[in-house]
Structure formats: structure tokens, C-alpha cells
Amino acid sequence: MTIESLLITDVRNLVSVVFEPSPDINIFYGSNGSGKTSVLEAIYLLGMARSFRSSKIKPVIRNTCQSCTVFGNISTENGSVSVGVTRTFDGEYHIKVAGDKVNNVSLLAAILPTQVINPDTFRLLEGAPKNRRQFIDWGVFHEERRFLPLWQRLQKCLRQRNTLLRHGKIDYSQLHVWDSELVTVAENIDQLRANYVERLLPIFDQIMVPFSNIPRLEVNYYRGWDKDLCLSEVLKRNIDRDISSGYTHAGPQRADLKVRLDRMIASDILSRGQQKIVVCVLKLAQGLLFHKTSNRACTYLVDDLPSELDTKHWQLLCDTLETMKSQVFLTGVKSKEGLVHQWSEQTQVKMFHVEQGKLSNY
Ligand SMILES: Nc1ncnc2c1ncn2[C@@H]1O[C@H](COP(=O)(O)OP(=O)(O)OP(=O)(O)O)[C@@H](O)[C@H]1O
Ligand SMILES: [Mg+2]
């Protein structure tokens, strides 16, 4: 997947921006507040119909405007497809793919699989398990059509079960129905996630090799309940606790990716910079695995990374990004000369100067 052209209207400070990115590396430079992150925000909007920084859409729409729109021509294995996404101040979606209205955001996400690396994603290691579950689920979603309906069934099942748990007098026959649905869905989701992580980890280890100052990490998938017990047994054992707290304690909604170093939680031991590198490598590993299994490349939006890393590690990451066959959109340098990296001659690099919401190509 490559974005061939973009038209951005009323996204943050971008009034109307048109450009044709390079299929390889695109670098946006300019002073603080010029609009670099806004360009990445617009590309994310095209792929996901939402913001990568917040669950709210209003801050993404330019002040005083009622909506924002991003159009893109995307080359896919089946030829070029036009995609248009409009979000309104009231929260509505208008999505068109090849001229046809699309009601399902997941269809859009499948067209432009997007990976974000920004200061927020660095919380992947130290943040809540939800972040790491979402990380695993990105990969499973893009590989397995079965995953999304399973995940939706899981959400419904948990909602129903938790409502019953909070009901005062428990209807055990109803609870039993939702328990058996939960067990079926959980086993399927667990299998898909476990299989995905098993294939991801060797790629992660392989990319980590040149980052020799980071100790070898142990990364383990936790499925969300005791590894030696079946979920139906765990649900039975937990029932009093579930009733007293009003929610389901065990299940795939508690899955996690545990990253450890000498049996300690890695984020307690690694330096901030080392944690950032590990997160970047995890994200790059996902892109490589995606490419391996689907023969398609995902888009990387990399915001403000050079300022987060030292030159040596920044160079190593650029080398990896360059070999990924992905289209990359990078920000974080103030000037054209600020990005100290020697790209190979085969790599097409485009630099865009961003100034007060306008782009010029150098
Ligand atoms: N909804 C909005 N409407 C209009 N302008 C906005 C809106 N939201 C943010 N802005 C402004 O858009 C400008 C560009 O913001 P952006 O985050 O893209 O800058 P940046 O180039 O990434 O800066 P930095 O180098 O500091 O990261 C800022 O001046 C910001 O205040
Ligand atoms: Mg920025």
C-alpha cells in the first residue's frame, strides 16, 4: 500500500494541502507549531477515520470549521483506489472508497494498515496492559478476518455477563449461557493471539541484534487467565469475586504481553531511551511480520523520534525503516540538515518544509 497523493482540508492548522508523497521516505521539517504532526494526523485519519492522539475528533477539525476531510489515492495490489474520509464536528463519519459509501471503519483500516510511533506509543511498556493488548490485536486484526467478529462477540458477551453480575439476584441459567459463549470466544481469540505472538518474537529478536546495548529481554504472552486451567473452571472459581466486584476478572479482556528483564518488569529497569528503542523495534517487527505474511507493507507515521534518541540509535532505526519496504512519514527535525542520516541511493526521499500549515517540497 502506497499513498500516491493526498488532499487535506481543515485538519488542525492545515487549510488545504495537496502533495504527492514518495513511496519510500517522507520527511517533514519546520519550526514548532508549523503543522508537521497535523500532516501525520491527516494520514491517520485517512486510514482509521479517527485521531491518533485522542478519542475526540473535535480538536482535529480546524477552528471554526464544521468538518475536516482527507482524500487520498492509494495504490494497492489491485490497482489504485481513491479513499475519502470526512469527520464532522457532531462526530459523524463519511467514508468513500472508490466512490462507494462505506459504513464500516474496519474496511478502511484494512486498506491502509498504519503504524504510529510517537511519544505516546513509548508508554507501551510501562502503560496499562490495554496498550499491549491493542498492540497484539493490531497484528491479529490485519492477518485474520475471523478476529474482528470474535472480538465483537467478546465485547457483547462481557457486557451481558457483567450486567447479570451486577443485577443483585443472579440468574444462574442466564449466566451459564454467557459463560459458555465467553469460553468459546476466549479460546478462539487466545489461539489467534498466541499464534501471532509466537511468530512476532523471533522477528523482534532479530531486529534487536544491532541494538547491542539493550540486554536480552524475555517477552511472554499472557492469555488473561491461569495457563494451567480452562476458562470455564476459572470462571467457576472466581464467581464470588466477580459478583462482589460486578465484573469478569479473568478472560481475554485481561491478556497482556509481559516484557521482562531478569524476571523484573523491563520498564522498571530499562532507561527511558532504551524503552523507546524496544517500543520502536516491537512496532517495526509488526510491520515486517505483516509484510512477510501478506506481502503488503504498512504505512509508518513516525512523530518526533529524532529528538527522543541519540544519533547512533536514530541511525540504526532509520536503517531498519529503510529496509522495510514501507512508506514512511517522519517528523521531528527543525531543518533540512537536522536529519543526520545517509539514505541509500535506491531509496526515494522527499523532504517537505512545513510553515504555517503550508507544505513546500524540496
Ligand atoms: N483545531 C485546530 N484548529 C486550528 N489550529 C490548530 C488546531 N489544533 C491545533 N492547531 C494548531 O496547529 C498548529 C500545528 O500543530 P502541530 O502539532 O501540527 O505542530 P508541529 O509542527 O508538529 O509542532 P512541534 O514541532 O511543536 O511538534 C499549532 O499551532 C496548533 O496550535
Ligand atoms: Mg509535532
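Numbering of ligands and ligand atoms starts at 1, following listing order.
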Worksheet item: Can we call the ring centroids of Phe352 and Phe28 under 6.0 Å apart?
Response: yes
Worksheet entry | Modelled atom types, side-chain donor and acceptor of Thr331 and Asp303, under 3.5 Å | yes
Discussion item. Under 3.5 Å between any N/O of Lys58 and any N/O of ligand 1: does that happen in this structure?
Written reply: no
Item to complete: Among all protein heavy atoms, pick the one closest to atom 15 (O) of ligand 1 and tell me residue, atom and distance.
Response: Arg12 NH2, 3.4 Å
Worksheet item: Hey, is Ile61 touching ligand 1 through its side chain, its backbone, both or neither, going by heavy atoms under 4.0 Å?
Response: backbone
Item to complete: Have a look at Asp303, Val11, Asn13 and point out the one with the heavy atom closest to atom 11 (C) of ligand 1.
Response: Asn13
Discussion item. Can you see whether Ser75 engages Asn73 through a side-chain donor-acceptor pair at a distance of less than 3.5 angstrom?
Written reply: no
Discussion item. With heavy-atom distances below 4.5 Å as the criterion, would you say the side chains of Glu181 and Arg161 are in contact?
Written reply: no
Worksheet item: Can you find a non-hydrogen atom of Gly35 under 4.0 Å from ligand 1?
Response: yes
Discussion item. As a check for students: among Gly33, Ser38, Pro59, identify the option with a heavy atom nearest to atom 13 (C) of ligand 1.
Written reply: Gly33
Discussion item. Protein non-hydrogen atoms only, distance under 4.0 Å: does atom 31 (O) of ligand 1 have such a neighbour?
Written reply: no
Worksheet item: For atom 28 (C) of ligand 1, is the nearest protein heavy atom closer than 4.0 Å?
Response: yes
Practice prompt. Look at atom 26 (O) of ligand 1 and say which protein heavy atom is nearest, naming residue and atom and giving the distance to 0.1 Å.
Written response: Asn32 ND2, 3.1 Å
Fill in: Side chains of Ser294 and Glu143, donor plus acceptor under 3.5 Å
no
Worksheet item: With the threshold set at 4.0 Å, does a side-chain nitrogen-carboxylate oxygen contact exist between Arg12 and Glu41?
Response: no
Practice prompt. Not counting sequence neighbours, which residues clear side chain to side chain contact (heavy atoms under 4.5 Å, CB included) with Asn213? List them please.
Written response: Gln274, His313
Worksheet item: Thr37 heavy atoms, cut-off 4.0 Å: which ligand 1 atoms fall inside?
Response: 17 (O), 18 (O), 20 (P), 22 (O), 27 (O)
Fill in: Among Arg223, Arg132, Lys130, Arg193, the one residue meeting salt bridge (Lys or Arg N to Asp or Glu O under 4.0 Å) with Asp256
Arg132
Worksheet, complete the sentence: shortest atom 2 (C) of ligand 1-to-protein heavy-atom contact is with Asn63 OD1, 3.4 Å
Response to the item:
among protein heavy atoms, the one nearest atom 25 (O) of ligand 1 is Lys36 NZ, 2.7 Å
Could you pull out all donor-acceptor pairs under 3.5 Å where a side-chain atom in residues 214-222 meets a protein atom, sequence neighbours excluded?
{"from": "Tyr221", "atom 1": "OH", "to": "Asp190", "atom 2": "OD1", "distance (Å)": "2.8"}
{"from": "Tyr222", "atom 1": "OH", "to": "Gly224", "atom 2": "O", "distance (Å)": "3.4"}
{"from": "Tyr222", "atom 1": "OH", "to": "Trp225", "atom 2": "N", "distance (Å)": "3.4"}

Item to complete: Tell me who clusters with Val209, hydrophobic residues only, linked when side chains sit under 4.5 Å apart either directly or through other members.
Response: none
Fill in: Within-2.8 Å protein N/O/S contacts of the Mg ion (ligand 2)
Thr37 OG1
Discussion item. Between Glu126 and Arg272, does any side-chain N to carboxylate O distance fall below 4.0 Å?
Written reply: yes
Worksheet item: Side chains of Arg296 and His291: closer than 4.5 Å at any heavy-atom pair?
Response: no
